[in-house]
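Reading through the structure tokens given below for one structure.
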Amino acid sequence: MQKGKLVQKVQNIFGANSRVTKALKGYQKLQEVKEISHHFSTYLVPKIAHDEALKNESFKIRYQVYCTEEGFEPPNPLEIESDEFDDYSVCCLIEHVQNQRFAGTVRMVRPNTEDQLLPIEKYCSDSITNSALDPRNFPRHEICEISRLAVPNEFRRRQMDKFDGAAIGAINPESYSETELRCFPFIAIGLYLAAAAVSVNSGVKHNYVMMEPRLARSMRFIGIRFEQIGPIVDYHGKRAAYHITPEMLHKNLPKGFSIMYKNIKHTLRSQQG
């Protein structure tokens, strides 16, 4: 019997506010909490790109998404997407455990000197209207920007996933099981949590990101509450500047994703040394 139907049946027998109904709901919520972290850790593992080989894997994913699919950046014969900010960035990848292919990447731009800027400072400084949270107010080593998040189309779920020949976001059911597919909507979330973990482990206090308001709203549903600090501008589409602190992340993250975050943080801390 499906979980929802079981709860409804118990509720009809004992009442919505009965101890039995509440206990069943509590048990099912606990199981869902465990499943979120378990499914992610079973099939996916975060990695810091310490060497050139892993960095190139990140750059190739970015090329696929930012140059080939979205057209945000021009193509190039090397088929990698990289820029000046990578010189002082930490790249993270999420690896699919079974086939050792990478399911996504993200970077944390971490300036250390006054002449090293965040991308948001160089290209979108006018998009920050909350002067109190302007990154220029804080020491360079206390700020970072989460950027270049990219998930290859084979790991992105769409309504068309189960149809043969899906042009974008198709997943081959012969390569990935239905159980594994349950993880894939969490890949982008896992990348944000990986970025947050690296920044927290590094002592960063202020995280910035340029994102679509639609994405920011969807992040709120799972407890990642970015604070919008400026108007919507046209930068690789309609985007706005957002800010989040470690305290804001910890305060609102639901227990299931909190466990997932702690596991990611522990895994990456051991890689950071």
Side-chain angles (χ1 to χ4, degrees), residues 58-59 61-74 81-92 104-151 188-189 191-200 202-253:
S58 174
F59 298 157
I61 293 173
R62 284 162 46 177
Y63 183 86
Q64 176 184 332
V65 173
Y66 285 84
C67 302
T68 303
E69 295 181 26
E70 302 295 338
F72 291 150
E73 302 294 345
E81 196 286 308
S82 182
D83 59 30
E84 63 192 276
F85 302 105
D86 289 310
D87 291 338
Y88 48 97
S89 295
V90 178
C91 291
C92 274
T105 184
V106 68
R107 76 174 177 189
M108 290 66 64
V109 182
R110 295 192 53 223
N112 294 301
T113 61
E114 292 301 318
D115 62 321
Q116 293 178 337
L117 301 177
L118 300 177
I120 197 172
E121 292 177 296
K122 182 170 182 177
Y123 297 114
C124 304
S125 59
D126 293 341
S127 67
I128 300 175
T129 55
N130 185 333
S131 58
L133 293 176
D134 192 303
R136 290 171 291 191
N137 293 339
F138 310 110
R140 294 282 95 183
H141 67 278
E142 291 185 358
I143 65 173
C144 84
E145 182 172 342
I146 301 170
S147 74
R148 288 302 195 256
L149 187 147
V151 179
I189 298 167
L191 288 168
Y192 275 115
L193 294 181
V198 169
S199 65
V200 169
S202 304
V204 170
K205 297 180 180 179
H206 301 275
N207 295 270
Y208 296 86
V209 61
M210 288 290 292
M211 71 169 76
E212 295 181 3
R214 176 179 56 183
L215 176 56
R217 288 194 296 271
S218 67
M219 290 291 102
R220 290 178 68 89
F221 284 120
I222 57 100
I224 302 179
R225 298 179 180 270
F226 291 95
E227 178 180 2
Q228 187 171 336
I229 57 174
I232 298 172
V233 297
D234 190 4
Y235 178 70
H236 293 336
K238 299 298 182 182
R239 298 173 183 266
Y242 291 86
H243 167 267
I244 193 170
T245 65
E247 291 77 17
M248 291 164 64
L249 178 68
H250 295 156
K251 178 180 178 181
N252 299 302
L253 206 58

Worksheet entry | Pairs touching residues 216-236 that satisfy salt bridge (charged side-chain N to carboxylate O under 4.0 Å, His left out), sequence neighbours left out | none
Worksheet, complete the sentence: The complete set of salt bridge (charged side-chain N to carboxylate O under 4.0 Å, His left out) pairs with one or both residues in residues 107-119, sequence neighbours excluded, reads D83-R107, D86-R107
Discussion item. Working to the nearest 0.5 angstrom, can you tell me the gap between I146 CD1 and L118 CG?
Written reply: 11.0 Å
Item to complete: List in chain and number order the residues that pass salt bridge (Lys or Arg N to Asp or Glu O under 4.0 Å) with E145, two or more places apart in sequence or in another chain; answer none if no residue qualifies.
Response: none
Item to complete: Can you establish whether the number of heavy atoms outside D126 located under 6.0 Å from its atom CG is more than 12?
Response: no
Worksheet entry | Exam field: side chain T105 to backbone C92, donor-acceptor pair closer than 3.5 Å | yes
Fill in: Residue pair Q228 / Y242, side-chain donor-acceptor N/O under 3.5 Å
yes
Item to complete: To the nearest 0.5 Å, tell me how far I189 CD1 sits from L253 CG.
Response: 9.5 Å
Discussion item. Quick one, N252 and I224 - any side-chain contact, counting heavy atoms below 4.5 Å?
Written reply: no
Discussion item. Test of understanding: with salt bridge (Lys or Arg N to Asp or Glu O under 4.0 Å), list the residues that count as partners of K251, not counting sequence neighbours.
Written reply: none
Discussion item. Please report the interatomic distance CG(L133) to CD1(I143), rounded to the nearest 0.5 Å.
Written reply: 12.0 Å
Worksheet item: How many angstroms lie between CD in E70 and CZ in R62, if you round to the nearest 0.5 Å?
Response: 14.5 Å
Worksheet item: Where do Y63 and Y66 land on the side chain to side chain contact (heavy atoms under 4.5 Å, CB included) test, with the steps shown first?
Response: CA-CA 5 Å; Y63 183 86; Y66 285 84; over 6 Å; no
Worksheet item: Are the aromatic rings of Y235 and F72 close, with centres under 6.0 Å apart?
Response: no
Worksheet item: Hey, what do you get for CE (M210) to CD1 (I232), rounding to the nearest 0.5 Å?
Response: 10.0 Å
Worksheet item: Of all residues at least two apart in sequence or in a different chain, which pass the salt bridge (Lys or Arg N to Asp or Glu O under 4.0 Å) check with D134?
Response: R136
Worksheet item: Got a second to check how far R214's CZ is from R239's CZ, nearest 0.5 Å?
Response: 10.0 Å
Worksheet item: Considering residues at least two apart in sequence or located in another chain, which fulfil the side chain to side chain donor-acceptor pair (under 3.5 Å) criterion with S89?
Response: none
Practice prompt. Hey, can you tell me if F138 and H206 have their rings parallel, tilted or perpendicular (30° and 60° cut-offs)?
Written response: parallel
